[in-house]
Number of protein chains: 2
Amino acid sequence: MSITDQDTTPAYKRIMSAIQQQIDFGELKPGHAVTSERELAKIHGVSLMTARHALAGLEREGMVERRRGSGTFVAPPKIHFNKLMSYTEQMAGRSLSVRTRLLSMKVIGDAPEIAAHLLLPSTYRLLRFERLRLAGNEPFALETCYLPAEEFSTLSRDRLERGSLFSVLENDYGVKLSHADEEVDATAADPRLARTFGVPHGFPLLRIREVIYSAQSRPFLYVLGLYRADRHTLHIRRFR
Amino acid sequence: MSITDQDTTPAYKRIMSAIQQQIDFGELKPGHAVTSERELAKIHGVSLMTARHALAGLEREGMVERRRGSGTFVAPPKIHFNKLMSYTEQMAGRSLSVRTRLLSMKVIGDAPEIAAHLLLPSTYRLLRFERLRLAGNEPFALETCYLPAEEFSTLSRDRLERGSLFSVLENDYGVKLSHADEEVDATAADPRLARTFGVPHGFPLLRIREVIYSAQSRPFLYVLGLYRADRHTLHIRRFR
DNA sequence: AAGTGGTCTAGACCACGGC
DNA sequence: CCGTGGTCTAGACCACTTC
């Protein structure tokens, strides 16, 4: 950030970024005291209220804890509960070798229920593809994705097998992901699924139906996921 | 927060409560404009920053939306995603007649795994009780709860069958509930469960194991829930 | 142009924690 | 005791929306 920059960024956001960097770069570790309000005000040449605003923002994001009479401290690294993450992202932290195999990919026009979930006319053309997730050589998840075909017609098989769907959507298509609503229940493996997963007919599976919304609150991706219950557990945190 | 505790309550909290009441009492409905910052400041005799603080707090709670240049508006009623609620509370909004039958209740001392979840010694005495949830006359959920026996020795069968466990804990024992971590997977009904639910052996069930924490981040309640997958869906919202 | 929320100042007093 | 965060004042200017 140079002096010539016409810096329109609010002061409190700049202070937030500065502290965030200290944490990211490891200068401040969990438990360490963060520069106090009064010091921040002096250092950055702002009023106390502005320095407060910065710390309050970081607290809301869960980066720091504030203790009256004591100070502001870097919060312990949080497990990212209830975060919308792609499979690739979820696995990144766990050093598990997971492969993806693209089973099918085609444009369909007869999925009225799914079109309805995406707020599209019932005969709207959708791009559907199935991906099998394998740990080692053992399949443990089958995910079927549905996207509006027109918008994402340039999606290639290659990209889907290689990287994360989320990163393709965010980087190549500029989609801003906002949130997802999931419906979770249980089902039993029918003959086809039993064959796919290599489990007995009737084997319990976790079923997750998911509508993913863009930043404009527009639903644009529907995912039906089926997971071997013995190899997959869903973690949720609920707050009172 | 009541009107009688004006003495020590911060002004911004009083203003928040006042607006919250307007919403609760139906004077302000979703979409309606909330009193502006400047008006609130005049009305309550506080500075602009304090009025701002109140509206910012309500925004953080999701009660209002703020639109620059336009105003502050009552937010549409939010679906309570990812909220820690008792079964009774969940059903309250749905006009479903749900009954609870207490199947068993006893103190046990040989549940080391569950004691571990509650950060207690492996032979610690736990109060265990099973509750069957019925819609109409049809059972659709079986919940087994574990509590430290000493603290909750006065819990009566009567209270458990009558009201919500949460309300008993919060009102009678003064427990402040904070959050819960859940593990969700699927399983198949064994003979006993099949008989309990009146479903075939092997029927898919949703299984939720839940550790509930008090405000001091102390785990104090473990719940194992089994749900007929065809009568029960879990809803989750995830954010990016 | 009038009204709104967003940012910010330069102070103030209080309640609390640790020394 | 001193430093901390929590609350608050009485203004100010800006950016934005609506009319």
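Chain naming here is simple, since letters A, B, ... match the order of the sequence lines and numbering starts at 1 in each.
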Letter by letter from the 5' end, nucleotides 11-19 of chain D scores (B base, S sugar-phosphate only, - none; protein heavy atoms under 4.0 Å) ----SBB--
Distance test, side-chain N/O of Tyr12(B) to OP1/OP2 of dT7(D), below 4.0 Å
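Answer yes for this pair, as a side-chain N or O of Tyr12(B) is under 4.0 Å from OP1 or OP2.
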Using whole Å, what does the distance between atom C1' of nucleotide dT4(D) and atom CG of Leu40(A) come to?
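Taking CG of Leu40(A) and C1' of dT4(D), I get 13 Å after rounding.
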To the nearest angstrom, how far is Glu59(B) atom CD from dT4(C) atom P?
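My rounded result for the distance is 17 Å.
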Considering only side-chain heavy atoms of Val46(A), which listed nucleotide, dT7(C), dT9(C), dG5(D), is closest?
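Minimum distance to the Val46(A) side chain belongs to dT9(C).
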Rounded to the Å, how far apart are Ile15(B) CD1 and dT7(D) P?
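Taking atom P of dT7(D) as the reference, CD1 of Ile15(B) is at 13 Å.
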Between Ser36(B) and dG3(C), does any side-chain N or O lie under 4.0 Å from OP1 or OP2?
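No.
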Please tell me which of the listed nucleotides, dT7(C), dG6(D), dT4(C), lies nearest to the side chain of Glu39(B)?
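Closest nucleotide to the Glu39(B) side chain: dT4(C).
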Do Lys78(B) and Glu61(B) meet the salt-bridge criterion of a basic N to acidic O distance under 4.0 Å?
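Here Glu61(B) does not pair with Lys78(B) in a salt bridge, since their nearest N and O are not under 4.0 Å apart.
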Is the closest basic N to carboxylate O distance between Glu151(A) and Arg218(A) below 4.0 Å?
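A salt bridge is present here (some side-chain N lies under 4.0 Å from a carboxylate O).
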dT9(D), OP1 or OP2 - any side-chain N/O from Thr50(B) closer than 4.0 Å?
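Result: yes.
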Value rounded to 0.5 Å, distance of CD1 in Ile15(B) from CG in Leu58(B):
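Those atoms lie 10.0 Å apart.
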To the nearest Å, how far apart are His44(B) NE2 and dC8(D) P?
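Taking atom P of dC8(D) as the reference, NE2 of His44(B) is at 12 Å.
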Taking only Lys NZ, Arg NE, NH1 and NH2, and the carboxylate oxygens of Asp or Glu, determine whether Arg209(A) and Glu113(A) approach each other closer than 4.0 Å.
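The answer is no: the pair does not qualify as a salt bridge.
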Determine yes or no for a side-chain-to-main-chain donor-acceptor pair under 3.5 angstrom, with Asp185(B) supplying the side chain and Thr233(A) the backbone.
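Between the backbone of Thr233(A) and the side chain of Asp185(B) there is no qualifying donor-acceptor contact (under 3.5 Å).
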